[in-house]
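What follows is one structure encoded as structure tokens, with my remarks underneath.
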Amino acid sequence: MKQSRSAVAPGMQRSAGAGAVSAPTLQLDAARRRLPYRVARSCLLATVDALMLGLATTIAYVSWAAPMRDQAPGMYAELWPLVLLFIAGYARAGLYPGLGLGPVEMLRRLTYLTTFGFLVLAAFSFALKLPHLYSRVTFALAFVLSLILVPIGRQVLFHAARAWTWWSEPVAIIGTGRAAAHAIRGIKEARHLGYRPVAVLSPNGGRASVELEGVPIVGGLDEVPALAARGIRVAFLEIEPLQARAVLDRLQQAFLHVILLREFDDLQLESLQIRNLGNMVGIEYTNNLLRPRNQTAKLMLDLLLASVALLLLAPVIALAALAVWLVDGRPVFFHQPRAGVGGRRIQVPKIRTMRRDADRQLEEFLAANPELRHEWLSRYKLRKDPRLIPGVGLLLRRFSLDELPQLWTVLRGDMSLVGPRPFPDYHLETFAPSFRELRQRVRPGITGHWQISIRSEGSMEEQEALDTYYIRNWSVWFDLYVLARTIVAVASGRGAY
């Protein structure tokens, strides 16, 4: 057993002996080991939040208060101490250190707390009649910019922190089955959660292999005190129901947080509510798609953002259409019938990126290239599509500019900004009938969850899984997150073809 302990860290053997160290002592030692890192993570997050709030206020001041009201910067500098109000609110909402929070939930909390903070500032400056008459327009601009810049600042920090080992919280996985393996893969992919799996324990003591998904299996439950002594205070538990009580009691003596792993295939996850039913645990699912207020909020968000985007991007659409006309003639737009909400047929417009005889070219090309036929049948896309208009077609595809005319379809109410893509019939027919029925519950979207996750690089199965997750976990916050990620994905041109 000493050999397995050394797989985690040198010196672990000394604290792993049965009864050598009490559970409270282990917890105190663990807290001391990791405390500086948690404090550093919290301080860095708070610093970035404060800087983004300051940047939002500065931009608002330079844009309005200085040129339009001729107000001195010292007036607004006096409000800097009130930034602590926002930091305190973020801390109270669990955003420091923010471990285990998904991006959708983090965005929701940031929005609520930022809104509350500016309402308090408004009360101080206007209702209490402070010596200076602050500009309401400047406050409004600072508020809107803060809603945008604070999440962006955090995402930039999270991206930079991917290379920092100290940034993430080491966690132990208890179990070696399917749920444990799935949890490890999910934790590794979701770096924003702030977890890092470092050890796997086998509840029954047996080990069929030396590692699980690249994480070493270091032994059985007798290794729990050693892991706790090394500073691990979070454990993910995959265990059979009959054994759960005894194992859970044992883990809670050493770990501060124990998270039970259960698989709920194709069920809502983002808005679960736990209900205490005496000696039973109830899990409440709420169908967000049936809430009229959510549907109204989604419609209002679509109309507002699509209107603004169409006004700003109209010159881009015009230039793209002109480029297609100059290179390959007319028509520059084309419409395809697709299935909308409830299966109703809608017309989806695009800027033409393929030659006018694209269908004939595709058949000839696939007939002569069996490997590419397999690629086409697996994704209904080709990395090097011979049908694209030279130069222009590839450019429009890579940055998704050919999709911009669909903003008008959003204003018509046929599509949404975010939703499952309106695939052609030949593409839809490859999916199971149950999934096609699920897709029809929501309006198709210009962008969606699988576009920001894998874009054109994923398989049909991945598309189905990601679209299903979006539909079952739909919320306005999810839409805002997808829209923000879409901007980054499109600007990078990653995975688009």
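Between Trp477 and Tyr112, the ring planes are perpendicular. Angles over 60° get that label, and only those under 30° would be called parallel. Relative orientation of the Phe435 and Phe431 rings is perpendicular, given thresholds of 30° and 60° on the angle between their planes. The aromatic rings of Phe118 and Phe139 sit perpendicular, their planes meeting at an angle over 60°, well past the 30° parallel limit.
Within the model, atoms CG of Leu404 and NZ of Lys350 stand 11.5 Å from one another, a figure rounded to the nearest 0.5 Å. The structure places OG1 of Thr296 at 10.5 Å from CZ of Arg293, a figure rounded to the nearest 0.5 Å. A distance of 12.5 Å separates CE of Met52 from OG1 of Thr114, quoted to the nearest 0.5 Å. The distance from atom CG of Leu147 to atom OG1 of Thr115, rounded to the nearest 0.5 Å, is 5.0 Å. In this structure, CD1 on Ile317 lies 11.0 Å from CG on Asp402, to the nearest 0.5 angstrom. The CZ atom of Arg397 lies 4.0 Å from the OG1 atom of Thr353; values are rounded to the nearest 0.5 Å.
Among Arg38, Arg41, Arg196, the single residue meeting the side chain to side chain donor-acceptor pair (under 3.5 Å) criterion with Glu169 is Arg38. If you run ring pair (Phe, Tyr, Trp, His ring centres under 6.0 Å) between His449 and each of Phe478, Tyr470, Trp474, only Phe478 comes through.
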Are Arg439 and Asp467 close enough, and set up right, to give a side-chain contact (heavy atoms from CB on, under 4.5 Å), and what steps lead you there? CA-CA 8 Å; Arg439 285 173 54 92; Asp467 274 346; 3.3 Å; yes
Audit row: Asp479, Ser475, side-chain contact (heavy atoms from CB on, under 4.5 Å) steps and yes/no: CA-CA 6 Å; Asp479 278 5; Ser475 69; over 6 Å; no
Take Leu483 and Val418, measure what side-chain contact (heavy atoms from CB on, under 4.5 Å) needs, and give me the verdict at the end. CA-CA 7 Å; Leu483 289 172; Val418 182; 3.6 Å; yes
I'd like to know whether Ser135 forms a side chain to side chain donor-acceptor pair (under 3.5 Å) with Tyr61, so could you lay out the CA-CA distance, the side-chain angles of the two residues, the decisive distance to 0.1 Å, and finally the verdict. CA-CA 9 Å; Ser135 165; Tyr61 169 79; over 6 Å; no
Could you go step by step and tell me if Arg109 and Glu105 meet the salt bridge (Lys or Arg N to Asp or Glu O under 4.0 Å) rule? CA-CA 6 Å; Arg109 296 188 188 187; Glu105 177 61 20; 2.7 Å; yes
Check the pair Leu310 / Leu411 against side-chain contact (heavy atoms from CB on, under 4.5 Å), numbers first and verdict last. CA-CA 10 Å; Leu310 194 57; Leu411 296 180; 3.8 Å; yes
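Of all heavy-atom pairs between Ala306 and Val410, the closest is CB-CG1, 3.7 Å. Heavy-atom minimum distance, Leu45 versus Pro97: CD1-O, 3.5 Å. Residues Pro151 and Leu107 approach most closely at CG-CD1, 3.9 Å, considering heavy atoms. The shortest heavy-atom contact between Ser146 and Leu53 is OG-CD2, 3.6 Å. Nearest heavy atom pair, residue Pro444 against residue Pro422, reads CB-CB, 3.7 Å. Minimum heavy-atom separation, Val215 to Val198: CG1-C, 3.6 Å.
More than 12 heavy atoms of other shown residues, nucleotides or ligands fall within 6.0 angstrom of atom CZ in Phe333. In this structure, Trp164 places its CH2 atom where more than 12 heavy-atom neighbours from other residues, nucleotides or ligands lie under 6.0 Å away. Remark: Trp408 CH2 is loosely packed, at most 12 non-hydrogen atoms of other residues, nucleotides or ligands lying under 6.0 Å away. Other residues, nucleotides and ligands contribute only 12 or fewer heavy atoms inside 6.0 Å of the CE atom of Met68. Counting heavy-atom neighbours within 6.0 Å of Arg330 CZ, excluding the residue itself, gives a total of 12 or less. Heavy atoms of other residues, nucleotides or ligands lying less than 6.0 angstrom from CZ of Arg412 number more than 12.
Here the side chain of Asp328 pairs no donor or acceptor atom with the backbone of Val324 at under 3.5 angstrom. Of the possible polar contacts, one joining the Arg352 side chain to the Pro331 backbone as a donor-acceptor pair under 3.5 Å is found. Using modelled atom types, one side-chain atom of Arg421 and one backbone atom of Ile446 make a donor-acceptor pair closer than 3.5 Å. Checked by atom type and distance alone, the side chain of Gln440 never pairs as donor or acceptor with a backbone atom of Val341 at under 3.5 Å.
Of the N and O atoms on the side chains of Arg485 and Tyr481, at least one donor lies less than 3.5 Å from an acceptor on the other residue. Side-chain atoms of Gln406 and Glu403 include a donor-acceptor pair closer than 3.5 Å. Between the side chains of Tyr76 and Thr58, no donor N or O sits under 3.5 Å from an acceptor N or O.
Applying the salt bridge (Lys or Arg N to Asp or Glu O under 4.0 Å) test to pairs two or more places apart or on separate chains, those with a residue in residues 301-314 are Asp302-Arg443. Among pairs with a residue in residues 46-55, those fulfilling salt bridge (Lys or Arg N to Asp or Glu O under 4.0 Å) read Asp49-Arg154, at least two apart in sequence or across chains.
For the pair Arg69 and Trp64, the NZ or CZ position fails the cation-pi test of under 6.0 Å to the six-membered ring centre and within 45 degrees of the ring normal.
Here Asp425 pairs with Arg345 in a salt bridge; the nearest charged N to carboxylate O distance falls below 4.0 Å.
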